[in-house]
Amino acid sequence: MSPEHDQHPLFLPLVFVGGLLFGFGLGFSHMAQPEVVLSFLQFTDFGLLFVMFGAAIVTGITFFGVKQFRSRAPLTGAVYERRLKSLDKNVVIGGGIFGIGWGLSGICPGAAYASLGIGNVPILYGIAGMFVGAYIQGFWRSARTERNTPATTAD
Amino acid sequence: MTATLSLFVALFAELFPNGISHYAIGGLFVGLGVAVIYLGTGTAAGASTFLESTLSYGSSLSRFQQYRPSRDWRIVFTVGIVIGAAIYAVTVSPQDGLWTTDVQWWRLFVGGVLIGIGTRVGKGCTSGHGVCGVGSVSSASFVGVATFLFIAIGTAQLIQAVGVSP
């Protein structure tokens, strides 16, 4: 998406409304509470499955259904495409590292932002950690890309 | 018949001690948030790219520069998430709405670092892969979700087994 698309007057308001619904849902589902996520991972409450798959069903119906009516999004002109990433070993390696972090802390990015909105100040340790982690991988991958030209454009 | 039904009810109460309605309703709102943005913009928004795109403001590393075009709206999306959760806290459950976590700070921080690395190397998080990717019937996302669910369950069980609590 190029920056000029941001100039549609409704682009940022719509993204904001989407964020509001997303954050409201994370609060409502209690996913913003690390203890609830940990209770799922420790098999004492399987409710998280309803959150993830409930949300995925809504997005799935939207992603596949909208193509019956339109081919391009009104605010950007972007073609409606599904979210498809290439499957390679990074998906498994990164998923494994993410899983250790998720199992250790009970937080994930979206739920952590939502948790802050609920007034959970200690979650800032987790959010700070996420930025440190994202920077570490960016530093490492930028250095590796500069060594191995031509640069790969994966993900 | 009655015995089967009561067994089912007992099993259900065992698996979902807090019921399922707030989980399912919350999940529908999460999906609705993604759907609204997708319908308007054609973008399947995940929550974790915000980390890298925001780092592009302060870092010139090549890895982060690819997110410059989307970094402004990703901040708006994230601010929306924070405020949306705040609206939940003050409207739906003002009595138990404001809470903090008892999970120890080092678990949050170290977990956060691993999440920051893993979600970016692995191309998505619980919303990117788990909601948008699964909704897209993407094989990479199914593999990503299966991997992080399996590893997270093992990690959480191990943490519990060695007696780290909360």
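Because the structure is a prediction, the values reported are computed rather than measured.
Only the side chain of Ser59(B) comes within contact range of chain A, judged by heavy atoms closer than 4.5 Å. If you measure heavy-atom distances from Leu28(B) to chain A, the contacts under 4.5 Å come from both the backbone and the side chain. With a 4.5 angstrom heavy-atom cutoff, Gln104(B) does not touch chain A via any of its atoms. Within the 4.5 angstrom heavy-atom criterion, atoms from both the backbone and the side chain of Thr119(B) approach chain A. Contacts between Val164(B) and chain A at a heavy-atom distance below 4.5 Å are absent for every atom of the residue.
Between Leu104(A) and Trp106(B), some side-chain heavy-atom pair lies under the 4.5 Å cut-off. Side-chain contact check for Val15(A) versus Arg74(B): every heavy-atom pair is 4.5 Å or farther apart. Within the 4.5 Å cutoff, no side-chain heavy atoms of Gln33(A) are placed close to those of Thr101(B). Within the 4.5 Å cutoff, no side-chain heavy atoms of Val34(B) are placed close to those of Val58(A). Residues Phe24(A) and Val92(B) are in side-chain contact: their nearest non-hydrogen atoms beyond the backbone lie under 4.5 Å apart.
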Go through His30(A) and Tyr88(B) one step at a time and tell me if the side-chain contact (heavy atoms from CB on, under 4.5 Å) criterion holds. CA-CA 10 Å; His30(A) 297 188; Tyr88(B) 159 78; 3.5 Å; yes

Could you walk me through whether Gln157(B) and Leu41(A) satisfy the side-chain contact (heavy atoms from CB on, under 4.5 Å) test, starting with their C-alpha distance in whole Å, then the side-chain angles of each, then the deciding distance to 0.1 Å, before giving a yes or no? CA-CA 7 Å; Gln157(B) 305 266 355; Leu41(A) 298 173; over 6 Å; no

May I have the step-by-step check of side-chain contact (heavy atoms from CB on, under 4.5 Å) for Ser138(B) and Arg82(A), ending in yes or no? CA-CA 8 Å; Ser138(B) 154; Arg82(A) 289 146 66 202; 5.9 Å; no

Pair Phe98(A)-Thr126(B), side-chain contact (heavy atoms from CB on, under 4.5 Å): steps then yes or no: CA-CA 9 Å; Phe98(A) 178 85; Thr126(B) 31; 4.1 Å; yes

Apply ring pair (Phe, Tyr, Trp, His ring centres under 6.0 Å) to residues Phe131(A) and Phe50(B) and explain how you reach the verdict. CA-CA 9 Å; Phe131(A) 276 107; Phe50(B) 164 76; 5.8 Å; yes

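Atom-to-atom distance recorded for Gln160(B):CD and Thr44(A):OG1 is 7.5 Å, nearest 0.5 angstrom. Once rounded to the nearest 0.5 Å, the distance linking CE of Met130(A) with CD of Glu52(B) reads 14.0 Å.
Closest approach of Val121(A) and Thr100(B) over heavy atoms only: N-CG2, 4.2 Å. Across all non-hydrogen atoms, the minimal contact from Thr62(A) to Ala35(B) is OG1-CB, 3.4 Å. Nearest heavy-atom pair, Gly96(A) versus Thr147(B), reported as atom, atom and distance to 0.1 Å: N-CG2, 3.5 Å. Closest of all the heavy-atom pairs between Gly42(B) and Ala73(A) is N-CB, 3.4 Å. Residues Ala89(B) and Ile118(A) share a closest heavy-atom pair of CB-CG1, 4.1 Å. Contact detail for Gly103(A) and Thr155(B): the closest heavy-atom pair is C-CG2, 3.9 Å.
Relative ring orientation between Phe28(A) and Phe29(B) is described as tilted, the plane-to-plane angle lying within the 30° to 60° band. Ring geometry for Phe16(B) against Phe46(A) counts as perpendicular: the plane angle is over 60°, on a 0 to 90° scale with 30° as the lower cut. In this pair, Tyr38(B) and Phe63(A) present their aromatic rings tilted. The plane angle is within the 30 to 60° band.
Phe40(A) and Tyr23(B) have their aromatic ring centers separated by at least 6.0 angstrom.
Remark: the backbone N or O of Leu108(B) is not paired with any side-chain donor or acceptor of Ser105(A) at under 3.5 angstrom.
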